[in-house]
Amino acid sequence: MKKRIFSLSLVAMLVLSVFTLAGCSSSSSSDEVIKIGFIGPLSGDAAIYGTSASEGAQLAVDEINEAGGIDGKTIELIAYDSKADQTEAINAYNRLRDQDEVVAVIGGTLSGETLAMKDLMVADNMPVLSPTATAVDVTVDAPNIFRACFLDDYQGKAAANFATNDLGAKTAALLVGTGNPYSEGVSAAFEEVFTANGGTIVGSESYGTTDKDFSAQLTKIKELNPEIVFVPDYVQTVGPILQKAAEMGITATFMGADGWDGIQEEYADAAQDNYFTNHYAADSPSELVQSFITAYQDEYTTVPNSFAALGYDAVYVMTKAITAAGSTEADAIITALTETENQGVTGTLKFDENGDPKDKEVTIIKIDQGQLKFETQVVN
Amino acid sequence: MNLFLQQLINGLNVGSIYALIAIGYTMVYGIIKLINFAHGEIMMFGAYFAFIAATSYNMPVWAIFLTSMIIMAILGVAIEFIAYRPLRNAPRLSALITAIGVSIFLQNLALLIFKADPKVMPKLFPEKIFYLGGIEISSTTLITVGLAIVFMILLDLYIRKTKQGRAMRAVSEDKDAAILMGINVNRTISLTFALGSALGALGGVLYSVAYIQVFPTMGVMPGLKAFIAAVLGGIGIVPGAMLGGFIIGMVETMTKAYISTTWADAIVFAILIIVLLFKPTGILGKNTREKV
Amino acid sequence: MDQKKKKSYLINTAAIALLYLLFFVLIQTKTINNYFVGIMIMTCIMIIMALSLNIVAGFLGQMALGHAGFMAIGAYSSAMATKAIVDAGIEMPSILLLLVALLVGGLVAGIFGILIGTPTLRLRGDYLGIVTIGFAEIIRIFFINFGPTGGAAGLKGISKLVDFNNVFFITVIVAVLIFTFGRSKHGRAIISIREDEIASESAGVPTTIYKVLGFTMAAFFAGLGGALYAHYQAFLEPSKFAFMFSIEMFVIVVLGGLGSLTGSILSAIVLTVLPEMLREFSEYRLLIYSLLLIIMMIFRPQGMLGRSEFSLTDFIDKLIMRKNRKTTSDGGEK
Amino acid sequence: MSVMQAKDITMQFGGLTAVDKFNLTLEPHELVGLIGPNGAGKTTIFNMLTGVYVPTIGTIEIEGQSIIGKKPNEIVKMGASRTFQNIRLFKDLTAIENVKIAYHNFIDYNLAQGMFRTKKFWSEEKKAQDECFKLLEIFDMGEYADTLAKNLPYGQQRKLEIARALATEPKVLMLDEPAAGMNPNETAELMKTIHFIREKFDITVLLIEHDMKLVMGICERIIVVDYGKTIAEGSPAEIKNNPDVIRAYLGD
């Protein structure tokens with residue numbers, strides 16, 4: 001008897017779940033609200049990127065709504081967690097499209113999840129603007145997908161040019177995260193351009209995505225004694241690497257890419273006098289940048305990183321396009337996006353035929369006494 | 001040659017931490033035949049408590065270690081009491097799933113409380129580099145290895161020489177016989193969890209000091225590696241866990257140094273598999289034949 | 001006896017047809033949207049994964065914690081096969097292409113099942129568990145470093161061949177085949193190893209062969225599941241097949257009841273749908289999930305259905321009997 | 001030709017010699033008892049004869065073919081089948097399933113036929129069902145066919161294990177203390193059954209017992225072991241009066 005009650009309650013639970021899910025679909029879409037979706041990792045190891053980007057995006061939405069929205073209609077940003085997982089991302093996207101009936105999507109935040117959703121997005125002709133997915137393939141053969149950030153190889157080239165031209169470096173070593181397409185992509189471009197510029201790559205070491213112990217690799221790099229060590233990865237990996245390198249007394253200049261943003265907060269000492277390529281500089285005199293930083297700090301208390309800045313810009317670009325389109329029809333928005341030009345926190349954004357940013361400036365940042373200092377700007 | 005010695009020290013450093021964590025796995029396994037999947041999370045919480053103690057309360061170093069170890073010992077006992085004890089006589093796989101559940105729970109609890117971004121562990125030991133015949137050893141490495149070895153010796157003495165230690169061994173040999181001998185099995189199991197968790201916490205603190213960061217998923221990989229170490233050495237055998245820990249640490253570092261960094265983990269697993277195929281109960285494990 | 005079997009076949013076939021019809025109508029009338037269909041497809045794939053894992057974990061009684069590895073092999077090999085076919089410009093109907101994918105995924109994974117199973121099945125219990133984790137990790141690391149499958153960046157441009165219609169029927173077929181396998185002499189021999197390996201040998205069962213057979217069958221169907229996954233997602237990333245994914249599948253099987261196929265199906269449905277239902281509470285959902293897991297295990301350690309199977313025929317019989325009893329209730333129990 | 005022959009088999013565990021140069025010849029249709037006090041090495045001998053242990057030295061042959069190094073299941077195929085002292089049934093399976101597993105080698109269909117349930121599958125399964133049911137009925141267990149082994153009364157479990165051993169169609173049936181834990185009535189009945197199946201299936205039976213009285217009634221020949229060595233061999237009458245046997249059982 002007990003068993004029957006148990007199995008019956010299970011069946012009831014199942015049936016219930018089916019109806020809840022089915023029932024959700026009939027959610028009404030009010031005409032007064034324009035819904036935009038956001039997808040990124042809000043939990044798990046990569047949560048900081050998704051969270052930053054979504055906070056930046058939300059800030060932009062709030063500002064726009066305060067200023068009257070799009071033709072009097074308010075924007076609603078619906079953010080779903082991708083957990084940095086393909087299946088989760090696809091489910092989240094399906095839900096945004098069917099349940100929430102969004103008119104456009106800001107996302108995904110990471111390249112992997114964006115690529116997983118790409119085919120669906122293309123098939124649906126959904127206007128998509130990824131703030132931060134840097135892998136080349138994201139926008140290839142996808143007329144409806146755009147992105148606000150420059151590409152992996154673009155900043156790798158910029159970093160190499162800076163190393164040769166501004167720092168006068170002749171030798172460099174690479175420290176690459178295998179299993180991380182971002183790290184692999186940026187360092188491959190760096191290697192190519194640095195060698196073409198006449199420099200020598202004296203060694204190339206790698207580590208896995210979950211590695212925390214870099215002593216073996218750094219011991220080898222120390223022996224090679226290069227002028228530059230190029231480590232394009234995210235803060236949570238780069239920080240310990242820099243700290244360990246300092247501990248081991250490695251004197252080379254370390255360089256990296258936009259994943260370094262935020263390094264000054266916790267690893268100021270270790271990162272002293274190192275450089276990285278970024279989308280914007282917080283100490284830029286630009287009024288746009290400063291007002292963004294103030295607003296962000298008021299809202300979230302922390303200094304925005306480049307993910308936040310790109311999320312913020314992405315929403316503005318998308319809003320501009322929807323306004324210009326004068327409708328929420330996908331085709332109209334996509335056409336409008338191709339013609340949009342926006343002066344944002346991360347520079348001037350206009351799209352090339354792929355939907356990638358055209359001639360976007362790469363900012364070189366120097367870490368100095370726990371501050372990110374604007375060093376120079378490079379356009380490839 | 002110097003480079004090799006340097007890498008050897010690196011390996012010793014990682015290995016000693018793996019060994020500390022592996023002991024917790026092996027003790028718990030020895031006594032209730034449960035792979036305590038949550039042990040990696042014990043290690044993680046240990047590191048967080050040390051982080052809080054160091055940054056918010058400015059405690060002296062010994063107090064940081066002690067606080068973290070004591071809190072985690074209590075937490076370990078609590079976990080056993082709440083989640084594992086009701087399943088003592090259930091199928092072993094159910095207990096395993098519960099342990100996985102506890103592991104996921106603790107990870108997400110930490111995520112909720114501390115958020116995902118890694119916290120930077122302050123340097124607990126004075127920064128100094130010692131030169132030993134051409135090779136450099138940082139004070140952190142020296143203290144990590146030293147502390148790990150001291151605690152392992154203490155534990156070994158405790159298990160072999162004290163009454164409670166003997167009770168532990170008795171329970172792990174034969175629970176029913178131990179009950180007949182008047183040993184309080186529940187208390188002995190609690191004690192095992194307390195000790196294992198305290199050592200796990202110690203491993204966590206040392207790990208976070210050596211690798212600077214504290215974050216919610218930090219227990220997963222070292223936990224898995226330490227578990228492998230425990231199996232490699234012969235699960236249930238404390239000296240086996242220590243040996244396994246050092247071997248895994250050494251193999252990992254040497255592979256990274258001389259063979260391939262990308263394949264390091266794969267090689268560690270391959271070695272484990274090969275060892276187990278030839279010695280199915282681990283290096284120090286006894287071959288027990290099933291009685292027919 | 002035979003009459004009863006026929007009746008039960010009929011009832012089950014009718015039930016499956018009805019279920020399909022229900023979903024078909026719901027999808028056609030747009031009562032349920034693509035989002036829900038997507039979850040249903042994933043549920044079907046997870047059902048196949050759970051059923052196949054149940055062959056090792058439930059029938060054979062071995063702790064296999066590396067099922068994601070076989071899924072990865074099936075997914076990647078089938079994706080490479082269909083890509084090669086498409087790239088070569090060979091035209092074939094998509095259902096045929098999907099069949100090729102399933103066959104390749106299943107066979108390649110099955111071959112790896114033999115290769116890995118033969119040496120490792122000498123190990124028992126936790127030792128076997130750890131070795132299967134090891135193999136799955138090696139497989140994952142291989143795909144991270146293997147250029148032709150796109151390495152860590154992932155494999156793109158896989159034909160999208162899976163939709164609800166075909167995945168539903170493939171799942172039904174797989175479920176039926178695993179069920180009949182369990183009730184054949186081969187299945188019985190494998191189950192006898194779980195019950196008592198020494199007695200099984202002494203009853204004349206060639207245990208080594210059957211252990212490898214069980215392991216291989218599980219790998220084959222896992223490869224099939226992987227092939228479906230690859231041709232549903234159209235994009236593969238090695239990180240998907242990490243250790244936690246194997247654990248997730250193992251949890252499904254234990255929660256459903258080791259050895260109970262209907263339990264695995266039920267559990268796969270609940271555990272795939274539940275996290276989606278909890279999406280609103282994204283921060284808390286794994287917390288809730290893990291708590292439910294712990295509570296479930298404490299109060300029902302043998303899983304939802306234990307080792308028994310849910311039988312629709314018996315269920316209906318009982319319902320009818322109850323009615324009959326009610327109508328003749330004045331006569332008391334009969 | 002003898003059905004089974006063991007020559008000088010010796011088993012050492014570490015330094016301990018559990019069985020020392022044991023010899024055994026079983027002729028067709030014999031019913032032989034192997035007796036000895038607890039710990040005399042009887043079960044170890046059984047384990048060697050059935051391939052669970054490989055003897056340290058010595059040879060074992062079944063109908064002239066060596067079984068050394070063969071796996072227990074191969075030895076079963078050659079014609080030696082056994083039961084266990086501490087019952088080893090497939091507890092979560094029904095009585096008839098227990099027997100069917102042992103009947104395994106006589107069910108003739110392949111993997112695909114089994115999974116797709118061809119005609120062959122049905123006819124073979126029906127044959128297996130009928131044959132195994134018949135076996136159960138010999139032990140008066142027909143009514144228990146669909147009962148889980150773990151739910152059977154103790155005496156029935158013992159009988160089921162013998163039925164399972166018989167299902168492999170052995171030439172030699174080896175029973176390890178089949179009457180252990182049974183009351184005198186059950187024991188008497190069991191002895192009758194053993195006698196009966198020996199006649200019906202025309203097989204050789206080797207029986208371990210540590211209670212000497214039990215085997216006296218039915219065995220034609222008895223071997224007595226103590227401390228791993230044969231101390232006496234002969235007819236029940238001879239054994240009964242052997243001074244070594246009396247000493248081994250009663251102590252000095």
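Quick note: numbers below take in every heavy atom, side chains included, and nothing from hydrogens, waters or symmetry partners. Everything quoted here is computed from the prediction, not taken from an experiment.
- Of the two parts of A/A92, the backbone and the side chain both hold a non-hydrogen atom closer than 4.5 Å to a non-hydrogen atom of chain C.
- Two residues are said to be in side-chain contact when any heavy atoms from C-beta on lie closer than 4.5 Å; C/Y229 and A/T87 meet this criterion.
- Residue contact with chain C, scored on non-hydrogen atoms closer than 4.5 Å, involves the side chain of A/K83 exclusively.
- C/N33 has its side chain out of reach of A/R97: every pair of non-hydrogen atoms, C-beta onward, lies at least 4.5 Å apart.
- Distance CG/C/N34 to CG/A/D124: 7.5 Å, rounded to 0.5 Å.
- Closest heavy-atom contact between A/D98 and C/Y35: OD2-N, 2.6 Å.
- Taking chain C as the reference chain and counting heavy-atom pairs below 4.5 Å, the highest number among A/D119, A/T178, A/L115 is found for A/L115.
- Residue contact with chain C, scored on non-hydrogen atoms closer than 4.5 Å, involves the side chain of A/D137 exclusively.
- Counted by atom type alone, C/E237 and A/Q86 present one or more donor-acceptor pairs between their side chains at under 3.5 Å.
- For A/A135, no part lies near chain C; criterion is any non-hydrogen pair under 4.5 Å.
- If you measure heavy-atom distances from C/I141 to chain A, you find no contacts under 4.5 Å at all.
- A 4.5 Å side-chain heavy-atom check between C/F36 and A/N94 finds every atom pair outside the cut-off.
- Rounded to the nearest 0.5 angstrom, A/M117 CE and C/Q233 CD are separated by 11.0 Å.
- Residue-environment remark: CD (A/E192) stays at or below the threshold of 12 foreign heavy atoms within 6.0 Å.
- Neither the backbone nor the side chain of A/L96 comes within contact range of chain C; no heavy atoms are under 4.5 Å apart.
- Within a 6.0 Å radius of CG in A/D141, no more than 12 heavy atoms belonging to other residues, nucleotides or ligands are found.
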